[in-house]
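Residue numbers begin at 1 in each chain, while the letters A, B, ... track the order of the sequences. FYI, side chains are in, hydrogens and waters are out, and symmetry mates aren't considered; it's all heavy atoms of this structure.
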There are 2 protein chains.
Amino acid sequence: MVKRQPGTTPTLEEVAALAGVGRGTVSRVINNATGVKESTRRAVQRAIAELGYVPNLAARSLAGRRADAVALAITEKDWRKFGEPFFSEVVRAVGDALADTSVQLLLTLVRSDAERTRFVEYARGGRVDGVLLMSVHAEDPLPDMLADAGLPTVLLGRRSGDEQVTYVDADNAGGAREAVEHLLRGGRRAIGTVTGPLDMYVAQSRLRGYREALTRAGIAPRAAWEAEGDFTEESGRRATAELLERHPELDAVFAASDTMAAGALAALRAAGRRVPDDVAVIGFDDFQLAQHTEPLLTTVRQPLEEIGRAMVRLLLEEMEQPEVAWRHVILRTRLVVRGSA
Amino acid sequence: MVKRQPGTTPTLEEVAALAGVGRGTVSRVINNATGVKESTRRAVQRAIAELGYVPNLAARSLAGRRADAVALAITEKDWRKFGEPFFSEVVRAVGDALADTSVQLLLTLVRSDAERTRFVEYARGGRVDGVLLMSVHAEDPLPDMLADAGLPTVLLGRRSGDEQVTYVDADNAGGAREAVEHLLRGGRRAIGTVTGPLDMYVAQSRLRGYREALTRAGIAPRAAWEAEGDFTEESGRRATAELLERHPELDAVFAASDTMAAGALAALRAAGRRVPDDVAVIGFDDFQLAQHTEPLLTTVRQPLEEIGRAMVRLLLEEMEQPEVAWRHVILRTRLVVRGSA
DNA sequence: TTGAAAGCGCTAACAG
DNA sequence: CTGTTAGCGCTTTCAA
C-alpha cells in the first residue's frame, strides 16, 4: 500500500487559486453556506468542475470533527444468518432511512474478537459518527465498549430487560399476546407455542406474551405446550412435530417467528393435520416475508421500516444530546389477519 | 449532529506528555516501528493504557494518505438478491481474506444514482484505499467512475469480454464445458441447458462452454435446447418445464447456476421424470450450497474462497503498482462429482 | 461578502 | 535511539 499519486487530486487551495478567491470562500461554497455572492459562487463552481475537485473527507473530519458516516455492525458469528431476510430487510430499512441524507452507511462484520477490536478502533477513531448494532447477543460486550467510548450507539433489540444502551425494539410481548388472543377469540383453547432460543430476550418476551394471553383467558400455561426452536425453519418443523406427538389435542400453534411458522406448517401437514381447520398457526412476522408463507397464515407484523427510521432518529438524537444516558423506543406491532386462523 | 465532546479524547500529544517523550516516539510505538528502546516503549504503552488513547484515524489518513479500509460495494437495485447465498458467501470470503490485516472492510449499498454519487464522493474522498465491486451490471458506470478517479478498483466478474478494469472471474466457459463433457462421458446425448440472463457476460460464457462441449462431441448445438432463466430457482423450474415439454427426448440438463439447478430438479420430478436415471442434472455451483440441492447432483464448483483472496490480492497490487492499467485473473473451476449423473 | 490565519491529530523527515 | 518540525486539506473564527 502506497500513497496514491500525490498531487493528482486537486485540493481546495488549487480551486481557490483558479477561481481567484480565498480558501474560506471555496469552503463556504462546497458546504452550501450562506453569504456568498452569487457571481463568486458560480466562479468557484466552475473551478471545481474544471479541476474535478472532490473534498478530502479525512481532512474534513479532522477539521470539522464529523465523519458523515454511520456504521451498521452485524455481530453474528453464525454467518449463514447474514443471508436471512430479517438481516437484509433491516439493512434495507436503515439504508432507506438514510437515503436522502449525506450520511454514508457502512455495513461491517464483527465475527471474531479480532474483528471486534479492529472495529472499535475504527469507530473510536472518528471514522463514523455513530454505530447501529443488530443481532446483539446477550453476552456481547461491543455495545458497552462503544457506549463507554462516548460513541452514539443504538441497538436493534435489547440484551435484557434493563438494557443500559439506547435501543429500538418491537413490543414483542404485546404482539405475541395479541396473536394468542386472536386464536382464543377464534375458539381455540389448546394452544401450543414454538419459542425462539430462550437465551435471547426477544424469545423470552414473546413467550411471556403467549403465557399472559392464556392466563388472562383463564387457561393455565403448560410447560408441555412449549417447545424451543432457534428461529430457523427446520427448528420450527421439529418443535412442532414434537408438540403434536406429545399433545395431539392441540388445536393451534403460535410460532415466535415467521420462519418457524413456515416450519410449523410443514410439520402439521406432514402429520396429516389440516390447517387451519384442524390446527391454526400464527407466526411472528420478523421480515415481512408473508408471501413465502401461506395466505391463510395470520401473523404479527413487526414494523421494520419504522424500526429503521427510529434507529436513525435515535442515533441523531444521541449525537445532539450527549447528556442523555440512554433512551428506549418500543414500536407497536400489528396483527395481520389473512384467512381464518 | 454536533461535535462529540471535544477534549474528551486524549491525543497523541497528551500521551507523549504523560510518558515524558516526544510525539514522534509515541507515533513509532503505536505503529510498531522498530528502533524504540524497550523501556521507553513500555512507558509509552503505559501512558496509552492510562489515558485510554485511541489514534484518530482521520488525522492518520490525512497525514499518511492511507485509510486502512476498503469498501465492498454491492450495486444491486434488486435488493432481495442481497439475501442470496452468493452474496453473503462472497462477503464472507472477502472478510476472511482481510481477517488478519488491519484493514477494515466496509460494505456499502449502491442502489440508486444518489447513492452512487454519495459513494463515489466517499471513496474519492480518501476514506478507503480501494473498492471491490460485485454484481456489476453491464451498463453500470460505477467501475469506470472509480477507476478514472485513480482509485484501486477490482470487479468480481466482468461486464464484457474486454473489460478494462481489473477483475477476478471464474473460468465460466471452461467450467460449463467440463460439466457437459461429464454428461457426454456418461452417455447422454440430448443435453439441454438453462442459461442465466443473456445480457450478463457470465451467462453468455457458460452458454458458450455448453455449446463448445457439444460441438466438440460432434453434436450440433440447437437453439431449441436452450432456455433462458435469471439465476433464480423459479426461473430454473419454468425454463426446465418448457424444455421438457418441447423436447421430451432430453436426457440431461445443464443449469447455469446451482439455484436454477434446484429449480430444474423440481420441474423434472413434477413432470414425473426420474433423476438421474431418466434425466441427469448438473448445476454451476455459485455458492457452495450443495447441501441445499441433492446428493446426486454433480456440480461445477466456483472457488469463492479463492475469489475473495484474489480480489484482495489484486487490490493490494493496484495500490502498489499504479502504473499497471488493469489486470485480470481467471480462476479454475472444479467438477465435483456426486452420485451418478 | 471575503481573505487570512489558526488549528484539527497525526506521520515522516531530519537532526541530533 | 529520540525530539523537533513541517506539513496533510479542510473548517472556522476573526478581521477587513
Distance check needed: D:dG9 C1' versus B:R124 CZ, whole Å only. 15 Å
Remember a base hit wins even if backbone is also touched, and classify A:V26 as base, sugar-phosphate or nothing at under 4.0 Å, heavy atoms. nothing
From CD1 of B:I48 over to C1' of C:dC10, roughly how many Å is that when rounded to an integer? 13 Å
B:T11 has its side chain closest, among C:dC10, C:dC8, D:dT2, to C:dC10
Could you tell me the separation between the CG atom of B:N31 and the P atom of D:dT2, rounded to a whole number of Å? 16 Å
Can you measure from CD (B:E14) to CZ (B:R23) and round to the nearest 0.5 angstrom? 12.0 Å
Could you check whether the side chain of B:R23 and the base of D:dT4 have a donor-acceptor pair of N or O atoms closer than 3.5 Å, going by distance alone? no
Check every atom of C:dT1, D:dC10, C:dT11 against the side chain of A:K37 and return the nucleotide holding the closest atom. C:dT1
OP1 or OP2 of D:dG3 under 4.0 Å from side-chain N/O of B:T25: yes
note: B:E14, atom CD; C:dC10, atom P; distance rounded to Å ~ 9 Å
Strictly below 4.0 Å, N to O, side chains only: are A:R327 and A:E317 in salt-bridge contact? yes
Which listed nucleotide (D:dT13, D:dC10, D:dG3) is nearest to the side chain of A:R28? D:dT13
Distance in angstrom units between B:R127 CZ and D:dG9 C1', rounded: 13 Å
What is the distance from CG of B:L12 to P of D:dT4, rounded to the nearest Å? 13 Å
Reading DNA chain D from 5' onward, which residue's closest nucleotide shows up sooner: B:A59 or B:E38? B:E38
Distance below 4.0 Å between A:N56 side-chain N/O and D:dC8 OP1 or OP2: no
Can you tell which of D:dC10, C:dT11, C:dC8 lies closest to the side chain of A:L62? C:dC8
Would you say a side-chain N or O of A:S27 is under 4.0 Å from OP1 or OP2 of D:dT11? yes
B:E13 CD: over 12 foreign heavy atoms closer than 6.0 Å: no
Return the value, rounded to whole Å, for the distance between atom CD1 of A:I30 and atom C1' of D:dT12. 13 Å
Closest approach of B:D140 and B:R159, non-hydrogen atoms and distance? O-NH1, 3.0 Å
Looking at every strand, decide which applies to B:S61 at a 4.0 Å heavy-atom threshold: base, sugar-phosphate, or nothing. nothing
List the steps, then state whether side chain to side chain contact (heavy atoms under 4.5 Å, CB included) holds for B:I48 with B:I30. CA-CA 9 Å; B:I48 288 176; B:I30 62 183; 3.5 Å; yes
Within this structure, what is the CG-to-P distance between B:N32 and C:dA12, rounded to whole angstrom? 13 Å
